[in-house]
Chemist: 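Would you mind keeping the following structure in view while I ask a few things?
For ligands, and for the atoms within them, numbers begin at 1 and follow the listed sequence.
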Amino acid sequence: MSKDTIESRLVEKRVFKPSALFSKQARVGSAAQREKITRAAARDPERYWASEAKKLLWRKPWKKTLEWKPPFAKWFVGGALNVSENCLDRHLGGPRRNKAALIWEGEPGDSRTLTYQQLHRETCRFANALKSLGVKKGDRVAVYMPLVPEAAVAMLACARIGAVHSVVFGGFSADSLRDRIQDAKAKLVVTADGGFRKGQKFGLKQQVDDAVKDCPSVRKVVVLKRTDQPIAWHSERDVWWHEAVDGQSAVCDPVPLDAEHPLFILYTSGSTGKPKGVLHTTGGYLTVAASTVESVFDLKEPDVYWCTADVGWITGHSYVVYGPLAAGATTLMYEGAPTCPGPDRFWAIVEKYGVSVFYTAPTAIRAFIRLGDAHPNKHDLSSLRLLGTVGEPINPEAWAWYHRVIGGGRCPIVDTYWQTETGAIMISPLPGATPTKPGSATLAMPGIDAAVVDKDGKEVPHGTGGFLVVRKPWPSMLRTVYGDPARYKKQYFSEFGPKVYFTGDGARRDKDGYFWVLGRVDDVINVSGHRLSTMEVESALVGHPKVAEAAVVGMPHAVKGQGITAFVTLKGGLQPGNGTTRELVAAVEKAIGAIARPDRIRFTDALPKTRSGKIMRRLLRNVAAGEEVSGDTTTLEDFSAIAKLQADE
Ligand code: PRX
């Protein structure tokens with residue numbers, strides 16, 4: 001674990017208080033009220049979480065709120081419920097029955113609205129189709145889809161019958177999909193003939209065909225017709241979605257599931273080459289997703305809530321699908337690129353549907369700043385009342401622009417800190433209660449015991465940087481790394497003992513106790529809010545026949561937050577030719593996907609190494625950022641490698 005990133009950043013002094021108007025109507029309307037809730041929750045976290053869990057519909061009450069055998073937790077032990085029933089059926093008995101559950105806009109301009117009743121019906125029919133195709137409780141189902149309503153339907157249908165979904169972002173390559181299907185031993189894959197992005201049709205089915213060649217566990221592939229592109233067809237294995245649901249009953253009883261029944265696996269990058277299957281379970285996950293979506297986004301019945309994430313990421317799971325639907329909200333989904341057909345598409349959507357709560361990533365905000373104020377200014381954004389961000393620290397300039405240009409100066413901004421592993425928001429303002437400071441996620445949510453500690457696990461004084469940890473279990477925490485409990489233990493519960501969850505992030509608290517997340521302290525980089533492991537990119541590069549060695553580091557990037565620089569040495573005497581960079585980029589795209597494409601590849605005769613042969617990434621980070629090489633270089637084997645890289649700059 002490196003301490004490079006544990007440094008204090010520029011201290012931002014501005015404080016934005018929620019307006020009296022906002023606070024008056026908010027669920028939590030003052031800092032004092034938040035403090036009171038937080039204190040009570042800290043005194044008895046189990047009681048707090050039990051009261052949140054009781055807001056859901058349980059088929060069988062739990063016997064014990066928490067069973068904590070560090071580092072393994074079970075929440076609501078002995079209780080039974082169904083996530084799909086909580087997200088759908090529960091709302092059918094009252095006025096929400098005909099409320100829009102899902103508003104969807106396709107990139108080409110087509111749109112659909114599904115009421116709770118309609119979404120329920122589609123989910124039941126697809127759940128019955130899954131059963132007809134042989135999917136049983138506990139089976140794993142891979143979902144590799146464009147951002148269309150059927151992606152949510154597939155997730156909810158799995159939850160309804162107790163199948164475990166593993167959604168794989170549609171931008172991942174066939175090789176990545178294959179690895180994830182193999183690791184989970186998925187029995188069925190749900191995909192589409194493609195989707196629309198940046199005005200083009202992209203394919204998905206070919207990637208599935210390539211991936212499942214090496215996946216003997218897969219029996220069936222369900223294919224949604226979205227783009228009508230020609231695709232290869234394997235009639236013994238492939239089934240059209242519309243044919244699979246044809247004639248299926250719109251009634252499918254939700255299966256009551258143990259609170260600890262797995263709900264989904266979601267793969268995320270860690271500090272090794274192999275992605276981890278983060279496992280979330282039923283009762284605890286839904287409790288915190290539902291509780292936080294209501295408190296952080298202050299949801300009200302008439303809100304039109306838009307979280308721009310893809311369902312392929314945790315944000316899409318918790319804050320596009322499960323959280324908002326459990327809360328009975330209207331959740332909006334947009335299939336395509338923010339700039340298609342024009343740079344104002346997002347703002348056109350806000351105006352068209354009267355979006356009131358908008359949640360996006362700092363990288364998107366920075367991209368919009370570059371496009372200019374004219375695009376949002378063209379649209380009536382007066383329906384917006386609350387803004388949110390997630391995925392990386394937001395730089396104060398981006399915060400200020402978001403506040404002024406998108407929020408018209410009147411919308412509070414909730415900067416929400418959390419992770420795939422935490423399942424739900426951990427540190428965030430409550431919009432009617434918490435004065436915000438641009439760049440800080442502010443305070444830990446009630447029931448969350450977050451702290452900043454030194455390498456011995458001792459809490460550091462405010463103002464000092466350290467490691468961000470969570471000292472008590474919480475219901476939506478990951479339960480394990482799928483199939484690899486040893487890795488779970490090592491990754492999250494070894495650095496500071498088996499009781500303390502280590503986030504992998506560095507942080508600092510200011511004099512008001514506000515958290516300022518400083519970024520990852522491991523070999524994970526955060527590109528456009530997406531986590532990538534430097535080791536994964538390295539192994540993709542080293543897989544290329546010309547490459548001898550590769551070292552990948554993050555570098556500051558104006559839009560993406562972090563970009564990727566790869567330092568590469570070629571095998572014995574080979575010189576980089578015209579196409580070498582292109583070949584290497586293609587190798588990364590094939591192994592991982594376009595999101596991992598290096599921004600810069602630098603060829604070098606030698607990488608800076610310690611005497612024991614370890615690559616000194618710290619120095620390479622300096623070089624990639626164009627900074628002076630700093631810190632201790634006494635263990636460096638040969639300084640000429642680094643001097644040469646700097647001279648080449
Ligand atoms: O480094 C932190 C950063 O994103 C990481 C989690 O990435 P992932 O699991 O992909 O989930 C992203 C969406 C929840 C964290 O370890 N991160 C996330 N939100 C913030 C953040 N860093 C600073 N501020 C945030 N609000």
Chemist: For ligand 1, which atoms have a heavy atom of Asn526 less than 4.0 angstrom away?
Modeler: 3 (C), 4 (O)

Chemist: Examine Thr416 against ligand 1 and note whether any of their N/O atoms are separated by less than 3.5 Å.
Modeler: yes

Chemist: Can you list the ligand 1 atoms lying under 4.0 Å from a non-hydrogen atom of Val390?
Modeler: 13 (C), 14 (C)

Chemist: Which residue supplies the protein heavy atom nearest to atom 20 (C) of ligand 1, what is that atom called, and how far is it?
Modeler: Glu392 N, 3.5 Å

Chemist: For atom 7 (O) of ligand 1, grab the closest protein heavy atom and report residue, atom and distance to one decimal in Å.
Modeler: Arg531 CD, 3.0 Å

Chemist: Looking at atom 3 (C) of ligand 1, what's its closest protein heavy atom, distance included?
Modeler: Gly391 O, 3.3 Å

Chemist: Among all protein heavy atoms in this structure, tell me which lies nearest to atom 23 (C) of ligand 1, with the distance rounded to 0.1 Å.
Modeler: Pro393 N, 3.1 Å

Chemist: Applying ring-ring contact (aromatic ring centres under 6.0 Å, His included), run through Tyr359 and Phe297 and close with a yes or a no.
Modeler: CA-CA 9 Å; Tyr359 187 30; Phe297 299 108; 4.6 Å; yes

Chemist: Give the intermediate values and the outcome of ring-ring contact (aromatic ring centres under 6.0 Å, His included) for residues Phe358 and Tyr305.
Modeler: CA-CA 6 Å; Phe358 179 71; Tyr305 161 90; 9.9 Å; no

Chemist: Looking only at protein heavy atoms, which one is nearest to atom 15 (C) of ligand 1, and how far off is it?
Modeler: Asp505 OD2, 3.2 Å

Chemist: Verify the ring-centre separation between Tyr492 and Tyr501: is it less than 6.0 angstrom?
Modeler: yes

Chemist: Are the aromatic rings of Tyr319 and Trp418 close, with centres under 6.0 Å apart?
Modeler: yes

Chemist: Nearest protein heavy atom to atom 9 (O) of ligand 1, by residue and atom, and its distance?
Modeler: Thr420 OG1, 2.6 Å

Chemist: Go through Asp175 and Arg178 one step at a time and tell me if the salt bridge (charged side-chain N to carboxylate O under 4.0 Å, His left out) criterion holds.
Modeler: CA-CA 5 Å; Asp175 288 6; Arg178 178 199 58 210; 3.7 Å; yes

Chemist: Applying ring-ring contact (aromatic ring centres under 6.0 Å, His included) to Tyr267 and Phe172, what does each step give before you reach the verdict?
Modeler: CA-CA 11 Å; Tyr267 287 85; Phe172 277 120; 9.7 Å; no

Chemist: Using a strict cut-off of 4.0 Å, indicate which atoms of ligand 1 neighbour a heavy atom of Val517.
Modeler: 22 (N), 23 (C)

Chemist: Less than 6.0 angstrom separating the ring centers of His317 and Trp313, yes or no?
Modeler: no

Chemist: What protein heavy atom sits nearest atom 13 (C) of ligand 1, and how far off is it?
Modeler: Thr315 OG1, 3.4 Å

Chemist: For Tyr334 together with Trp104, are the ring centres under 6.0 Å from each other?
Modeler: no

Chemist: Non-hydrogen atoms of Gly519 versus ligand 1: any pair closer than 4.0 Å?
Modeler: no

